[in-house]
Amino acid sequence: MQRLIQAVINAGHGHVFQWWHTLDDAGKQSLLQQISLIDIAYLSDLYRSRREKAPAPSLQEITPAAVIGLPKSEEESVLHLGARRIGEKALQAGEVAAFVVAGGQATRLGVDVPKGAMEITPVKRKPIFQTHAEKILALSKRHGRSIPFYIMTSESNDRPTREFFEKNRNFGLDPANIFYFCQGMMPALDFEGKLVLDAKDHIFTSPNGHGGSIFALQRSGALDDMKRRGIKYIFYFQVDNVLINLADPVFLGYHIEAGAEMSAKVTAKRDAEEKVGVICQVNGKTTVIEYSDLSDEQRYAKNPDGSLRFSAGSIAIHVLNVDFVERLNLKENTLPFHIAEKAIPHLSSEGKLVKPRKKNGLKFEMFVFDALSLAEKTVVMEVDRNEEFAPVKNAEGEDSPQTARDLMVRLYAKWLNDAGAPVPRDKQGNVLGAIEISPLFALDFEELRSKLPLSYEVRLPLYLGP
Ligand code: UTP
């Protein structure tokens, strides 16, 4: 014990023992236990390197990623169909797992329940988790094989997430096919590079980023569980995308056909200024370049036809091979940490918790898309954002519950229209009421069309459920 305390003091973090004399044995034990798990030398290295950034690649060094575009010809539709068949075969063979990352803190949304527990659907106000669960149920039924559901949480929302599923009887999923696990946590540092206490016996930590999932999958035993079940492909998505086309067989099919290790879905950027990471090739490797890392020259670069040269916007939907995730776990620190200035809760000199509004320290996070450049082979596939991407990030305005609901209504209205059931709209084309189609009624347009009676009359609000 004395050795550990001395090592921490020598490393310049003696202040974490500031309240030691006031702690009971359990408090002392828990602080020491936490410290023993922190790699202080590694943290110091990260702190020292905080301003070092590899120079952004020049316009000549980066090229647009090869993207499988939206099918525009008969020939491309046939290719999509071929890919779909391959993906469906993998689903029927029970080789696909659904994996949602739900360990984030949802600070922008500011709700006191896990993000997935937030009520979202336009008519029934079903929670986000239920929309995912219903898709998994519908897919399992369609393909005749249950799809196991892996849910990554973090310290702060693990219990409420499990309790939420239990309370709702797992939304009809078999609990034997749900696997929860916690991601890793990472201590923050203040601007001087010091650990921060948020209780007299506790150092402030936060989830280590969605990239932490790569390591948590292994550490938690989830990968072993997958191997036991014969899973080969992990369909990765974020909890807050309520339009997720879960386990999309076309995407899976292209990934499998190409022998890829990790793949990504993209949507065409709305314009040069849209703040999303762009997938490109850098030195032959598929790489996501963050919006802020693109130079103006790169951001505005155009193709001869006037379209944006770098337009493949990343939407955080991936397929990863179980083998690939296992390989990434063979070495330490495979993914880099990204450093962000944040407001870090800390103790005042009187030992009271302070929650500052101003940024006062550094958080460290890994990003899952950094694994793309470590894959031997990748597939990048474009999809229509109106059909597959409705993120819930903010309480109001852009990317909020309201925009997500509007996008759901717009998509369901399009399906109904295309299936021959016109939807009441105003002169501007806005749908005059709410529409909700449960995945248990129809997972996609084709299924809706096959189920809708002839001359179906749409009355709003409309809910089509099981
Ligand atoms: P975001 O980066 O949007 O974070 O995560 P967030 O927690 O949802 O929201 P803010 O930034 O605090 O407002 C995108 C996805 O990655 C997951 C989130 O749960 C969400 O599904 N995530 C993020 C994790 O699972 N772990 C993390 O450490 C960070």
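Atoms considered below: every heavy atom in the structure, side chains included; atoms not considered: hydrogens, waters and symmetry mates. Indexing begins at 1, ligand by ligand and atom by atom, following the structure's order.
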(Q) Would Gly103 count as being in polar contact with ligand 1, using the rule that some N or O on each side must be under 3.5 angstrom apart? (A) yes
Q) Can you tell me the protein heavy atom closest to atom 21 (O) of ligand 1 and the distance? A) Val101 O, 2.7 Å
Q. What atoms of ligand 1 come within less than 4.0 Å of a heavy atom belonging to Pro207?
A. 28 (O)
Q. So which protein heavy atom does atom 26 (N) of ligand 1 come closest to, and at what separation?
A. Gln183 OE1, 2.7 Å
Q. Who gets closest to atom 16 (O) of ligand 1 by heavy atom: Gln105, His210, Lys363, Lys115?
A. His210
**Q.** Protein contact of atom 28 (O) of ligand 1 - nearest heavy atom, named by residue and atom, plus distance
**A.** Gly209 N, 2.8 Å
Q: May I ask you to check if Arg50 and Tyr47 form a cation-pi contact, with NZ or CZ under 6.0 angstrom from the six-membered ring centre and within 45° of the axis?
A: yes
Q. Is the shortest distance from a Lys or Arg side-chain nitrogen in Arg229 or Asp225 to a carboxylate oxygen in the other one below 4.0 Å?
A. yes
Q) Counting both backbone and side chain atoms, is some N or O of Glu365 under 3.5 Å from an N or O of ligand 1? A) no
Q) Would you find more than 12 non-hydrogen atoms of other residues, nucleotides or ligands less than 6.0 Å from Gln29 atom CD? A) no
Q) When you check the gap from the basic side-chain N to the acidic O, do Glu166 and Arg162 get nearer than 4.0 Å? A) no
Q. Just distances here: any N/O of Leu109 and N/O of ligand 1 closer than 3.5 Å?
A. no
Q) Which ligand 1 atoms are under 4.0 Å away from a heavy-atom of Gln238? A) 14 (C), 15 (C), 16 (O), 21 (O)
Q: Check the side chains of Glu134 and Gln130 for a donor-acceptor pair under 3.5 angstrom, ignoring hydrogens and angles.
A: yes
Q | Protein residue, atom and distance nearest to atom 2 (O) of ligand 1, heavy-atom basis | A | Arg108 NH2, 4.0 Å
Q: Measure the distance from atom 3 (O) of ligand 1 to every protein heavy atom, then report the residue, atom name and distance (to 0.1 Å) of the closest one.
A: Lys393 NZ, 2.7 Å
Q: Assess Ala106 for proximity to ligand 1: is some non-hydrogen atom of it under 4.0 Å away?
A: yes
Q. Tell me, which protein residue and heavy-atom name are nearest atom 23 (C) of ligand 1, and how many Å apart are they?
A. Gly104 CA, 3.7 Å
Q | Salt bridge flag under 4.0 Å for residues Glu95 and Lys232 | A | yes
Q. Does the side chain of His338 pick up a donor-acceptor pair with the side chain of Asp370 at under 3.5 Å?
A. yes
**Q.** Heavy atoms of other groups near Lys200 NZ, more than 12 under 6.0 Å
**A.** yes
**Q.** Between Glu261 and Thr378, a side-chain donor and acceptor under 3.5 Å
**A.** no
Q.
Over 60° means perpendicular and under 30° means parallel, so tell me whether Tyr254 and His80 are parallel, tilted or perpendicular.
A. perpendicular
(Q) With heavy-atom distances below 4.0 Å as the criterion, list the atoms of ligand 1 near Thr107. (A) 10 (P), 12 (O), 13 (O)
Q.
Can you name the atoms of ligand 1, numbered from 1 with element, that are less than 4.0 Å from a heavy atom of Met152?
A. 25 (O)
